[in-house]
Amino acid sequence: MILDANDPHAIARAARAVRGGALLGLPTETVYGLGADAGNDAAVAQIFAAKGRPIDHPLIVHVAQAADVEHFARALPAFAQALIRAFWPGPLTLILPRRPGVAGAAAGGQDSVGLRCPAHPVAQALLRACAAPADDGPPVRGVAAPSANRFGRVSPTTARHVQDELGAELLVLDGGPCGVGIESTIVDCTRGVPVLLRPGAITRAQIAAACGIAPLSPRELPALAPRASGTLLAHYAPAAKVRLMDAPALQTSLDLLGADAACMGVYARCALRTSATGIVVRRMPDDAAAAQQQLFAVLRSFDDQGVRLIWIETPPALPEWEGVRDRLQRAAAA
């Protein structure tokens with residue numbers, strides 16, 4: 001059931017559901033999440049079951065404010081504090097040492113935990129309502145919320161996507177289309193220096209400027225790396241097979257297929273020529289932020305139109321495109 005977040009009773013109803021141990025689809029500025037009380041292991045288990053997600057693959061815990069970090073984390077390095085000041089609320093997840101006895105199921109059994117403070121006003125309203133004293137259950141200090149889709153598939157960026165993915169019975173707060181469109185940047189803060197585990201809207205350069213330390217890549221510091229959401233080689237994949245290629249290769253491939261090409265989707269910035277009528281062509285924006293905002297919706301639309309193969313023009317090798325490149329490379333590896 002989809003609830004209009006503009007309804008004055010919707011947030012209260014959603015908070016009651018979370019406090020009662022139920023699952024909830026909720027909007028954030030990045031993608032829609034499948035949320036449950038991070039302190040309720042039975043509720044968290046429902047997330048793993050609904051997504052078909054391995055129970056050792058950790059979830060991100062969403063909090064209403066920076067002050068909530070101390071409930072979940074036993075240490076907060078100075079560079080992590082700087083990142084919180086610069087980017088929270090916003091699309092940044094920090095991996096921090098986990099306080100013993102807190103959110104163990106959400107952390108996938110690790111001694112670290114991923115924390116994020118989302119900027120979406122509906123997510124903020126929900127988190128604050130969940131944390132407030134209430135007669136129907138204890139306060140919820142954080143909501144574990146991975147993307148609201150089957151494990152490994154394309155993340156949802158509208159309430160309708162969530163319903164299509166997980167069924168009409170799930171309660172979903174509709175906060176409109178997501179403004180960012182890809183998942184949060186993830187920075188590991190457990191090993192003395194920032195390590196960029198997953199790129200997103202917040203870039204390496206922005207991280208370095210905010211905390212004074214250039215983030216390392218996982219390859220530069222591979223030892224003792226924590227598991228984190230969305231970092232598997234193959235992920236974010238539509239039902240159709242994805243192939244990346246540059247603009248000349250795209251045009252050459254279309255020329256070779258000729259008029260008989262069918263059941264294909266093409267997503268590219270360049271202008272392409274084809275005589276085939278069985279190809280669905282979508283233009284990728286030249287602006288990186290616009291491209292990342294619509295990326296998952298475009299991949300879902302190709303699936304909806306029944307294409308079996310999606311050819312995508314490789315994004316530019318520029319810092320602002322790193323998040324889009326990351327998601328497409330993982331989709332193509334699936």
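Because only heavy atoms are used, hydrogens play no part in the values below, and waters and symmetry mates are left out as well, while side chains stay in. Sequential numbering from 1 along the given sequence is applied to the chain's residues.
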Quick check with a 6.0 Å cut-off and a 45 degree axis cone: is Arg327 positioned over the face of Tyr236's six-membered ring?
yes
Between the side chains of Glu70 and Arg99, is the shortest nitrogen-to-carboxylate-oxygen separation below 4.0 Å, so that they form an ion pair?
no
Is it the case that over 12 heavy atoms from other parts of the model lie below 6.0 angstrom from the CZ atom of Arg74?
yes
Taking only residues two or more places apart in sequence, or in another chain, which ones meet Asp37 in a salt bridge (charged side-chain N to carboxylate O under 4.0 Å, His left out)?
none
Would you call Glu322-Arg204 a salt bridge at under 4.0 Å N-O?
yes
Side chains of Arg325 and Gln329, donor plus acceptor under 3.5 Å:
no
Near-ring test His57/Phe151, centroid separation under 6.0 angstrom
yes
State the CD1-CD1 distance between Ile95 and Ile60, to the nearest 0.5 angstrom.
6.5 Å
Would a distance-only check, ignoring hydrogens and angles, find a side-chain to backbone donor-acceptor pair under 3.5 Å from Arg153 to Pro238?
yes
Do Val18 and Leu115 sit in the same hydrophobic cluster, where Ile, Leu, Val, Met, Phe, Trp and Tyr count as joined when their side-chain heavy atoms come under 4.5 Å apart?
no
Is the backbone of Gly90 close enough, under 3.5 Å, to the side chain of Arg116 for a donor and an acceptor to pair up by distance?
yes
Enumerate, atom names and distances included, each donor-acceptor pair closer than 3.5 Å involving a side-chain atom of residues 263-275, sequence neighbours excluded.
unit_1: Tyr267; atom_1: OH; unit_2: Gln294; atom_2: OE1; d: 2.7
unit_1: Arg269; atom_1: NH1; unit_2: Thr314; atom_2: O; d: 3.4
unit_1: Arg269; atom_1: NH2; unit_2: Glu313; atom_2: OE2; d: 3.0
unit_1: Arg269; atom_1: NH2; unit_2: Thr314; atom_2: O; d: 3.3
unit_1: Thr274; atom_1: OG1; unit_2: Ala276; atom_2: N; d: 3.1

Glu165 pairs by side-chain hydrogen bond (donor to acceptor under 3.5 Å, both in side chains) with which of Arg300, Lys51, Arg160?
Arg300
Side chain of Ser301, backbone of Val298: donor and acceptor closer than 3.5 Å?
yes
Will you find, in the side chains of Glu183 and Ser147, an N or O donor that is under 3.5 Å from an N or O acceptor?
no
CG-CD distance between Asn40 and Gln46, expressed to the nearest 0.5 angstrom
8.0 Å
If we ignore angles and hydrogens, is there a donor and acceptor under 3.5 Å between the side chains of Arg198 and Thr93?
no
Heavy-atom closest pair, residues Thr190 and Pro97:
CG2-N, 3.9 Å
If only atom types and distance count, is the side chain of Gln124 paired as donor or acceptor with the main-chain N or O of Ala64 below 3.5 Å?
yes
Can you name the residues that form a side chain to side chain contact (heavy atoms under 4.5 Å, CB included) with Asn6, not counting sequence neighbours?
Asp4
